[in-house]
Amino acid sequence: MQAEDKLTYETWPAEPEKSTLEAKNKFLGFWFFLGGETVLFASLFATYLALKDKVPDTTHTLAKDLYDLPLTFVATMLLLTSSLTSVYAMYHMKNFNAKKMNLWLILTLLLGLGFLGLEIYEFTHYVHEYHHTFTSSAFGSAFYTLVGFHGGHVAFGLLWITTLIVRNAKRGLDLYNAPKFYVASLYWHFIDVVWVFIFTVVYLMGMVG
Amino acid sequence: MANSQLNSGNPRVDIEYRRKKSAEEMRHQVVSFALMIFLTLIAFAVVAAKGFSAWFIVPFILLLAIVQVIFQLYYFMHMSHKGHEAPSLFLYSGLLVGLVTVLAFSTIIWW
(Lines give C-alpha, C1' and ligand atoms only; values in the text may rest on other atoms or scores of the structure.)
Protein backbone atom coordinates (compact mmCIF):
# COMPACT_ATOMS: atom_id res chain seq x y z
CA MET A 1 0.00 0.00 0.00
CA GLN A 2 1.06 3.59 -0.60
CA ALA A 3 0.77 6.46 1.85
CA GLU A 4 -1.15 8.54 -0.72
CA ASP A 5 -3.88 5.92 -1.22
CA LYS A 6 -7.34 7.27 -0.51
CA LEU A 7 -8.87 4.74 1.81
CA THR A 8 -12.35 4.01 3.01
CA TYR A 9 -13.67 2.21 6.03
CA GLU A 10 -13.68 -1.03 3.97
CA THR A 11 -10.16 -0.72 2.56
CA TRP A 12 -8.47 0.52 5.74
CA PRO A 13 -5.80 -2.12 6.59
CA ALA A 14 -5.81 -4.12 9.83
CA GLU A 15 -2.38 -2.76 10.78
CA PRO A 16 -2.25 0.79 9.38
CA GLU A 17 0.81 1.49 11.56
CA LYS A 18 2.84 -1.01 9.52
CA SER A 19 1.30 -1.07 6.06
CA THR A 20 3.68 1.22 4.14
CA LEU A 21 7.48 1.10 3.97
CA GLU A 22 7.71 4.45 5.73
CA ALA A 23 5.43 3.19 8.49
CA LYS A 24 7.50 0.02 8.95
CA ASN A 25 10.67 2.08 9.22
CA LYS A 26 9.03 4.46 11.66
CA PHE A 27 7.80 1.58 13.82
CA LEU A 28 11.23 -0.08 13.92
CA GLY A 29 13.11 3.19 14.43
CA PHE A 30 10.85 4.25 17.24
CA TRP A 31 11.31 0.99 19.14
CA PHE A 32 15.07 1.40 18.70
CA PHE A 33 14.73 4.85 20.26
CA LEU A 34 12.72 3.36 23.15
CA GLY A 35 15.56 0.87 23.76
CA GLY A 36 17.89 3.86 24.07
CA GLU A 37 15.45 5.63 26.38
CA THR A 38 15.46 2.54 28.59
CA VAL A 39 19.24 2.86 29.01
CA LEU A 40 18.93 6.61 29.64
CA PHE A 41 16.33 6.25 32.37
CA ALA A 42 18.06 3.22 33.90
CA SER A 43 21.25 5.24 34.35
CA LEU A 44 19.27 8.08 35.93
CA PHE A 45 17.65 5.54 38.29
CA ALA A 46 21.10 4.14 39.09
CA THR A 47 22.38 7.64 39.89
CA TYR A 48 19.37 8.33 42.09
CA LEU A 49 19.79 5.03 43.98
CA ALA A 50 23.48 5.77 44.57
CA LEU A 51 22.87 9.34 45.74
CA LYS A 52 19.58 8.99 47.63
CA ASP A 53 19.69 10.81 50.99
CA LYS A 54 23.29 11.88 50.39
CA VAL A 55 23.11 15.35 51.95
CA PRO A 56 25.89 17.55 53.35
CA ASP A 57 24.40 18.04 56.84
CA THR A 58 21.39 17.32 59.05
CA THR A 59 19.53 20.53 58.12
CA HIS A 60 18.58 18.89 54.79
CA THR A 61 15.31 16.99 54.51
CA LEU A 62 15.59 13.29 53.64
CA ALA A 63 13.37 11.33 51.25
CA LYS A 64 11.26 9.88 54.07
CA ASP A 65 10.12 13.31 55.31
CA LEU A 66 9.91 14.89 51.88
CA TYR A 67 7.55 12.70 49.85
CA ASP A 68 3.80 12.85 50.09
CA LEU A 69 1.91 9.61 49.35
CA PRO A 70 -1.56 11.05 48.51
CA LEU A 71 -0.08 13.46 45.95
CA THR A 72 1.95 10.69 44.30
CA PHE A 73 -1.11 8.46 44.30
CA VAL A 74 -3.27 11.01 42.48
CA ALA A 75 -0.50 11.69 39.94
CA THR A 76 -0.14 7.93 39.36
CA MET A 77 -3.87 7.49 38.77
CA LEU A 78 -3.91 10.39 36.29
CA LEU A 79 -1.02 8.98 34.26
CA LEU A 80 -2.27 5.37 34.34
CA THR A 81 -5.71 6.47 33.16
CA SER A 82 -4.14 8.56 30.38
CA SER A 83 -2.45 5.36 29.19
CA LEU A 84 -5.85 3.67 28.89
CA THR A 85 -7.38 6.63 27.04
CA SER A 86 -4.59 6.49 24.47
CA VAL A 87 -5.31 2.77 24.01
CA TYR A 88 -8.90 3.78 23.24
CA ALA A 89 -7.60 6.35 20.75
CA MET A 90 -5.63 3.66 18.90
CA TYR A 91 -8.67 1.36 18.97
CA HIS A 92 -10.62 4.01 17.06
CA MET A 93 -7.66 4.64 14.76
CA LYS A 94 -7.77 0.97 13.76
CA ASN A 95 -11.52 1.33 13.13
CA PHE A 96 -10.85 4.33 10.83
CA ASN A 97 -12.70 6.73 13.11
CA ALA A 98 -10.65 9.94 13.24
CA LYS A 99 -13.21 11.85 15.25
CA LYS A 100 -13.33 9.43 18.16
CA MET A 101 -9.57 8.98 18.02
CA ASN A 102 -9.10 12.73 18.43
CA LEU A 103 -11.59 12.83 21.28
CA TRP A 104 -9.71 10.16 23.24
CA LEU A 105 -6.38 11.82 22.46
CA ILE A 106 -7.68 15.12 23.85
CA LEU A 107 -8.76 13.26 26.99
CA THR A 108 -5.24 11.81 27.18
CA LEU A 109 -3.79 15.31 26.88
CA LEU A 110 -5.99 16.65 29.69
CA LEU A 111 -4.96 13.84 32.05
CA GLY A 112 -1.30 14.36 31.12
CA LEU A 113 -1.69 18.08 31.77
CA GLY A 114 -3.16 17.32 35.20
CA PHE A 115 -0.17 15.11 35.97
CA LEU A 116 2.28 17.80 34.88
CA GLY A 117 0.46 20.41 36.99
CA LEU A 118 0.77 18.20 40.08
CA GLU A 119 4.47 17.69 39.43
CA ILE A 120 5.09 21.43 39.09
CA TYR A 121 3.19 21.99 42.34
CA GLU A 122 5.25 19.25 44.02
CA PHE A 123 8.58 20.72 42.91
CA THR A 124 7.72 24.28 43.99
CA HIS A 125 6.49 22.88 47.31
CA TYR A 126 9.83 21.10 47.89
CA VAL A 127 11.82 24.18 46.95
CA HIS A 128 9.84 26.60 49.13
CA GLU A 129 8.95 24.48 52.16
CA TYR A 130 11.99 22.21 52.41
CA HIS A 131 14.71 24.14 50.50
CA HIS A 132 15.23 20.92 48.56
CA THR A 133 16.66 22.27 45.29
CA PHE A 134 18.72 21.03 42.37
CA THR A 135 21.90 22.43 43.93
CA SER A 136 21.18 21.89 47.65
CA SER A 137 22.58 18.35 47.77
CA ALA A 138 23.64 15.35 45.66
CA PHE A 139 20.27 13.86 46.62
CA GLY A 140 18.50 16.95 45.23
CA SER A 141 20.44 16.84 41.95
CA ALA A 142 19.73 13.14 41.42
CA PHE A 143 16.05 13.51 42.35
CA TYR A 144 15.31 16.47 40.08
CA THR A 145 17.29 14.98 37.19
CA LEU A 146 15.38 11.69 37.27
CA VAL A 147 11.87 12.95 38.03
CA GLY A 148 12.37 16.16 36.03
CA PHE A 149 13.54 14.21 32.98
CA HIS A 150 10.36 12.17 33.16
CA GLY A 151 8.29 15.36 33.56
CA GLY A 152 10.11 16.77 30.54
CA HIS A 153 9.09 13.69 28.57
CA VAL A 154 5.48 14.23 29.61
CA ALA A 155 5.66 17.89 28.50
CA PHE A 156 7.19 16.84 25.17
CA GLY A 157 4.52 14.17 24.70
CA LEU A 158 1.78 16.75 25.29
CA LEU A 159 3.27 19.07 22.68
CA TRP A 160 3.77 16.20 20.23
CA ILE A 161 0.21 14.87 20.45
CA THR A 162 -1.24 18.41 20.36
CA THR A 163 0.75 19.12 17.19
CA LEU A 164 -0.47 15.88 15.59
CA ILE A 165 -4.10 16.67 16.40
CA VAL A 166 -3.88 20.26 15.11
CA ARG A 167 -1.92 19.32 11.98
CA ASN A 168 -4.31 16.52 11.02
CA ALA A 169 -7.55 18.12 12.26
CA LYS A 170 -9.08 18.52 8.80
CA ARG A 171 -7.30 15.66 7.11
CA GLY A 172 -8.91 12.59 8.63
CA LEU A 173 -6.95 9.36 8.80
CA ASP A 174 -4.67 8.07 6.07
CA LEU A 175 -1.66 5.79 5.87
CA TYR A 176 0.61 8.83 6.10
CA ASN A 177 -0.57 10.04 9.50
CA ALA A 178 -1.85 6.83 11.15
CA PRO A 179 1.72 5.60 11.91
CA LYS A 180 2.49 9.01 13.43
CA PHE A 181 -0.43 8.69 15.85
CA TYR A 182 0.54 5.10 16.63
CA VAL A 183 4.16 5.98 17.42
CA ALA A 184 3.06 8.91 19.62
CA SER A 185 0.82 6.54 21.58
CA LEU A 186 3.78 4.15 22.04
CA TYR A 187 5.77 7.07 23.42
CA TRP A 188 2.95 7.93 25.81
CA HIS A 189 2.80 4.34 27.12
CA PHE A 190 6.56 4.35 27.58
CA ILE A 191 6.26 7.46 29.76
CA ASP A 192 3.82 5.47 31.86
CA VAL A 193 6.24 2.52 32.06
CA VAL A 194 8.94 4.85 33.40
CA TRP A 195 6.49 6.38 35.89
CA VAL A 196 5.60 2.94 37.30
CA PHE A 197 9.26 2.57 38.28
CA ILE A 198 9.48 6.16 39.53
CA PHE A 199 6.52 5.85 41.89
CA THR A 200 7.81 2.49 43.09
CA VAL A 201 11.55 3.13 43.38
CA VAL A 202 11.57 6.85 44.23
CA TYR A 203 8.37 7.51 46.17
CA LEU A 204 7.25 4.21 47.71
CA MET A 205 10.78 2.94 48.45
CA GLY A 206 11.65 6.45 49.66
CA MET A 207 8.84 6.32 52.21
CA VAL A 208 10.02 2.94 53.46
CA GLY A 209 13.49 4.32 54.07
CA MET B 1 -2.31 -11.24 15.63
CA ALA B 2 -5.19 -13.18 14.10
CA ASN B 3 -6.37 -9.86 12.77
CA SER B 4 -3.80 -9.70 10.00
CA GLN B 5 -4.98 -12.76 8.08
CA LEU B 6 -8.26 -12.17 6.40
CA ASN B 7 -9.23 -13.28 2.96
CA SER B 8 -12.74 -14.54 2.89
CA GLY B 9 -13.08 -12.65 -0.41
CA ASN B 10 -15.96 -10.66 1.00
CA PRO B 11 -14.79 -7.29 2.42
CA ARG B 12 -18.01 -6.89 4.45
CA VAL B 13 -17.42 -10.18 6.29
CA ASP B 14 -13.76 -9.33 6.86
CA ILE B 15 -14.63 -5.94 8.34
CA GLU B 16 -17.12 -7.46 10.72
CA TYR B 17 -14.62 -10.10 11.77
CA ARG B 18 -11.94 -7.47 12.35
CA ARG B 19 -14.25 -5.19 14.30
CA LYS B 20 -15.23 -8.06 16.52
CA LYS B 21 -11.59 -8.99 17.03
CA SER B 22 -10.55 -5.47 17.98
CA ALA B 23 -13.57 -5.03 20.25
CA GLU B 24 -12.51 -8.24 22.00
CA GLU B 25 -8.96 -6.93 22.27
CA MET B 26 -10.25 -3.66 23.71
CA ARG B 27 -12.03 -5.63 26.42
CA HIS B 28 -8.74 -7.31 27.30
CA GLN B 29 -7.11 -3.89 27.46
CA VAL B 30 -9.72 -2.69 29.96
CA VAL B 31 -9.15 -5.82 32.06
CA SER B 32 -5.38 -5.22 32.06
CA PHE B 33 -6.02 -1.61 33.05
CA ALA B 34 -8.15 -2.77 36.01
CA LEU B 35 -5.36 -5.14 37.05
CA MET B 36 -2.77 -2.36 36.77
CA ILE B 37 -4.87 -0.10 39.00
CA PHE B 38 -5.33 -2.98 41.44
CA LEU B 39 -1.56 -3.64 41.61
CA THR B 40 -0.93 0.08 42.17
CA LEU B 41 -3.47 0.15 45.00
CA ILE B 42 -1.79 -2.81 46.70
CA ALA B 43 1.66 -1.20 46.38
CA PHE B 44 0.47 2.08 47.93
CA ALA B 45 -1.54 0.27 50.63
CA VAL B 46 1.44 -1.86 51.71
CA VAL B 47 3.58 1.26 52.14
CA ALA B 48 0.80 3.31 53.80
CA ALA B 49 0.05 0.50 56.29
CA LYS B 50 3.48 1.03 57.97
CA GLY B 51 3.21 -2.40 59.60
CA PHE B 52 5.53 -4.31 57.26
CA SER B 53 9.32 -4.38 57.37
CA ALA B 54 11.35 -2.84 54.55
CA TRP B 55 12.78 -6.30 53.77
CA PHE B 56 9.33 -7.41 52.71
CA ILE B 57 8.02 -4.18 51.17
CA VAL B 58 10.90 -3.39 48.79
CA PRO B 59 11.03 -6.70 46.87
CA PHE B 60 7.24 -6.97 46.96
CA ILE B 61 6.47 -3.56 45.43
CA LEU B 62 9.28 -4.06 42.88
CA LEU B 63 7.61 -7.30 41.83
CA LEU B 64 4.25 -5.52 41.51
CA ALA B 65 5.91 -2.82 39.36
CA ILE B 66 7.47 -5.43 37.06
CA VAL B 67 4.14 -7.25 36.59
CA GLN B 68 2.43 -3.94 35.87
CA VAL B 69 5.07 -2.94 33.31
CA ILE B 70 4.68 -6.32 31.57
CA PHE B 71 0.95 -5.56 31.17
CA GLN B 72 1.80 -2.12 29.83
CA LEU B 73 4.38 -3.43 27.33
CA TYR B 74 2.62 -6.58 26.11
CA TYR B 75 -0.97 -5.33 26.04
CA PHE B 76 -1.00 -1.52 25.84
CA MET B 77 2.08 -1.37 23.60
CA HIS B 78 1.03 -4.55 21.71
CA MET B 79 4.28 -6.45 22.20
CA SER B 80 2.18 -9.62 22.42
CA HIS B 81 1.28 -9.20 18.75
CA LYS B 82 3.21 -10.76 15.88
CA GLY B 83 6.02 -8.77 14.31
CA HIS B 84 7.53 -7.51 17.56
CA GLU B 85 10.77 -9.51 17.44
CA ALA B 86 12.96 -6.47 16.69
CA PRO B 87 11.23 -4.28 19.32
CA SER B 88 11.81 -7.04 21.90
CA LEU B 89 15.47 -7.23 20.93
CA PHE B 90 15.85 -3.43 21.27
CA LEU B 91 13.97 -3.21 24.54
CA TYR B 92 15.64 -6.17 26.24
CA SER B 93 19.12 -5.06 25.10
CA GLY B 94 18.41 -1.64 26.59
CA LEU B 95 17.10 -3.26 29.75
CA LEU B 96 20.21 -5.46 30.07
CA VAL B 97 22.59 -2.49 29.79
CA GLY B 98 20.34 -0.52 32.16
CA LEU B 99 20.22 -3.24 34.81
CA VAL B 100 24.01 -3.65 34.74
CA THR B 101 24.27 0.11 35.28
CA VAL B 102 21.87 -0.01 38.22
CA LEU B 103 23.75 -2.97 39.70
CA ALA B 104 27.10 -1.20 39.35
CA PHE B 105 25.89 2.09 40.80
CA SER B 106 24.15 0.50 43.76
CA THR B 107 27.00 -1.86 44.71
CA ILE B 108 30.30 -0.31 43.65
CA ILE B 109 29.39 3.27 44.52
CA TRP B 110 28.10 3.69 48.04
CA TRP B 111 29.48 6.97 49.27
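A note on names: the letters A, B, ... follow the listed sequences, proteins ahead of strands, and every chain is numbered from 1.
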key: Exceeds 12 heavy-atom contacts within 6.0 angstrom, atom CZ of B:Phe38   = no

request  = Would you indicate whether A:Phe32, at its atom CZ, is surrounded by more than 12 heavy atoms from other residues, nucleotides or ligands within a distance under 6.0 Å?
outcome  = no

query = If you measure from NZ on A:Lys94 to CZ on B:Arg18, what distance do you get to the nearest 0.5 Å?
reply = 9.5 Å

query = In Å and rounded to the nearest 0.5 Å, what is the NZ to CD distance from B:Lys82 to A:Glu15?
reply = 9.5 Å

Among the listed options [options], the residue most often paired with chain B at heavy-atom distances under 4.5 Å:
options	value
A:Trp188, A:Phe73, A:Phe33	A:Phe73
A:Leu80, A:Leu40, A:Thr81, A:Leu186	A:Leu80
A:Trp12, A:Phe45, A:Tyr88, A:Tyr203	A:Tyr88
A:Val87, A:Val39, A:Leu49, A:Leu28	A:Val87
A:Phe41, A:Tyr182, A:Phe30	A:Tyr182

Side chain, backbone, both or neither: which part of [X] has an atom under 4.5 Å from a heavy atom of chain B?
X	result
A:Tyr48	neither
A:Lys52	neither
A:Thr200	both
A:Ser185	neither
A:Thr11	neither

Any non-hydrogen side-chain atom of [X] less than 4.5 Å from a side-chain atom of [Y]?
X	Y	value
B:Gln68	A:Phe197	no
A:Thr76	B:Phe44	yes
A:Val196	B:Met36	no
A:Leu34	B:Phe90	no

Atom group of [X] that falls short of 4.5 Å from chain A, counting heavy atoms:
X	answer
B:Ile61	both
B:Gln29	both
B:Ala104	neither

For residues [X] and [Y], report the shortest heavy-atom separation together with the two atoms involved.
X	Y	result
A:Tyr91	B:Ser22	CE1-O, 3.4 Å
A:Ala42	B:Gly98	CB-CA, 3.3 Å
A:Ser83	B:Gln72	OG-OE1, 2.5 Å
B:Gly94	A:Thr38	C-CG2, 4.0 Å

task = Determine the sole option in B:Ile57, B:Val47, B:Leu62 for which the side chain to side chain contact (heavy atoms under 4.5 Å, CB included) test with A:Leu204 is passed.
result = B:Val47

ask   = When the aromatic ring centroids of B:His84 and A:Phe27 are compared, is their separation below 6.0 Å?
value = yes

Criterion ring pair (Phe, Tyr, Trp, His ring centres under 6.0 Å) against A:His189, the qualifying member of B:Phe33, B:Phe76, B:Phe71 = B:Phe76

key: Contact winner vs chain A - B:Thr40, B:Leu73, B:Leu99, heavy-atom pairs under 4.5 Å   = B:Thr40

